[in-house]
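A note on names: the letters A, B, ... follow the listed sequences, proteins ahead of strands, and every chain is numbered from 1. Only heavy atoms go into these numbers, but all of them, side chains included; no hydrogens, no water, no symmetry mates.
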Amino acid sequence: MTVIPRSFYGCDTVDVAKKLLGKILVRQINGEMISGIIVETEAYRYKDDEASHTYRGMTKRNRAMFGQVGKAYVYFTYGMHYCVNAVARSPDYEAGAVLLRSLVPQQGIDFMMRQRSTSDISNLTNGPAKLTQALNVTIHEYGEDLTKQSGLYIIEGLKIKKSDIVSGPRIGIKKATDKMWNFKLRTDVLSKL
DNA sequence: AGCGAGATGAGCT
DNA sequence: GCTCATCTCGCTC
């Protein structure tokens, strides 16, 4: 089990979004491990990306996206949901992050079921706000270092071929829909997990 | 299985 | 005030 190093997050946000597919998000709570394979991501960049939280510059909320790469950017939305991003950008950009949209549960499935109040495994972590609820990730995890084995981190997982990745427009946004910055594993690859 | 609405609050104009 | 990187439930087909 190898934790992904910080250098991994220092490349272009869009590339990191693709490369995060197949990696494993790990949550450690009171010694218990809860984890899942990352199977869907989205890239959000800077002033060239109208849909990004950083499009209009730095605020108290989005400051993590300008900070050190490899850390968590967590935000609260729709009055009740949290979403997690991994801060990632090339040195050419001042801000950027990758939204984690979907996981395939690995460890701690009973914990996830309790968090989500359902025993339906396919409905545990198949959405950005579902996975944070399942892993109990909230604003407390804002700025967590994903490159250190702490409460929330990302480790090596599956080897993914480029041909196994499908890209499309990002979900749930009305701006910059021409950018094909949503990435997920092909469904036939998914079904073998 | 697909659609519409409601939940519910922070951030921005 | 209105928008929002969402989810769930209930109603209809």
Query raised in the report: Would A:Leu152 and A:Val137 satisfy side-chain contact (heavy atoms from CB on, under 4.5 Å), going step by step from the backbone distance to the final call?
Result: CA-CA 9 Å; A:Leu152 186 67; A:Val137 170; 4.1 Å; yes
Query raised in the report: Does one side chain, of A:Thr147 or A:Asp145, offer a donor that lies under 3.5 Å from an acceptor on the other?
Result: yes
Requested in this report: Assign A:Leu99 to base, sugar-phosphate, or nothing according to its heavy-atom contacts below 4.0 angstrom with the strands shown.
Outcome: base
Query raised in the report: So, the side chain of A:Thr54 versus the backbone of A:Gly57: is there a donor-acceptor pair under 3.5 Å, distance only?
Result: no
Query - Side-chain N or O of A:Lys175 closer than 4.0 Å to phosphate OP1/OP2 of C:dT3 - result: no
**Report entry** Strand DNA chain C in bracket notation, Watson-Crick/G-U under 3.5 Å with | for pairs to another chain
**Finding:** ||||.|||||||.
Query raised in the report: Run the ring pair (Phe, Tyr, Trp, His ring centres under 6.0 Å) check on A:Tyr75 and A:Tyr142 step by step: do they pass?
Result: CA-CA 8 Å; A:Tyr75 66 89; A:Tyr142 192 98; 9.9 Å; no
Query raised in the report: Has the side chain of A:Arg27 got a donor or acceptor atom that lies under 3.5 Å from a matching backbone atom of A:Asn136?
Result: yes
Report task. Kindly confirm or rule out a cation-pi arrangement of A:Lys19 over A:Phe8, judged by NZ or CZ under 6.0 Å from the six-membered ring centre and within 45° of its axis? Result -> yes
Requested in this report: Round to the nearest Å and state the distance from A:Tyr75 atom OH to C:dC4 atom P.
Outcome: 12 Å
Report task. Give the rounded distance in Å between these two atoms: NZ of A:Lys174 and P of C:dA5. Result -> 9 Å
Query raised in the report: Could one point to a donor on the side chain of A:Tyr78 or the base of B:dA7 with an acceptor on the other under 3.5 Å away?
Result: no
Query raised in the report: Short question: side chain of A:Asp164, backbone of A:Val189 - any donor-acceptor pair under 3.5 Å?
Result: no
Query raised in the report: Could you state the NZ-P distance from A:Lys179 to C:dA5, rounded to the nearest angstrom?
Result: 15 Å
Requested in this report: Return the 5'-most residue of the pair A:Met65, A:Arg116 with respect to DNA chain C, ranking by each residue's nearest nucleotide.
Outcome: A:Met65
Report summary line: Note: contacts of residues 46-60 of chain A with DNA chain B (heavy atom, under 4.0 Å) are A:Arg56, A:Thr59
Query raised in the report: Would the A:Phe76 and A:Tyr82 ring centres measure less than 6.0 Å apart?
Result: yes
Query raised in the report: Mapping A:Asn123 and A:Arg61 to their closest nucleotides on DNA chain C, which lands nearer the 5' end?
Result: A:Arg61
Query - A:Asn126 CG to C:dC7 P, straight-line distance once rounded to whole Å - result: 8 Å
Query raised in the report: Would you say a side-chain N or O of A:Arg101 is under 4.0 Å from OP1 or OP2 of C:dT6?
Result: yes
Query raised in the report: Do NZ/NE/NH1/NH2 and the carboxylate oxygens of A:Asp49 and A:Lys175 come within less than 4.0 Å?
Result: no
Requested in this report: May I have the distance from A:Leu124 (atom CG) to C:dT8 (atom P), rounded to whole angstrom?
Outcome: 10 Å
Query - Listed nucleotide nearest any side-chain atom of A:Met80, set C:dA5, B:dT8, C:dC7 - result: B:dT8
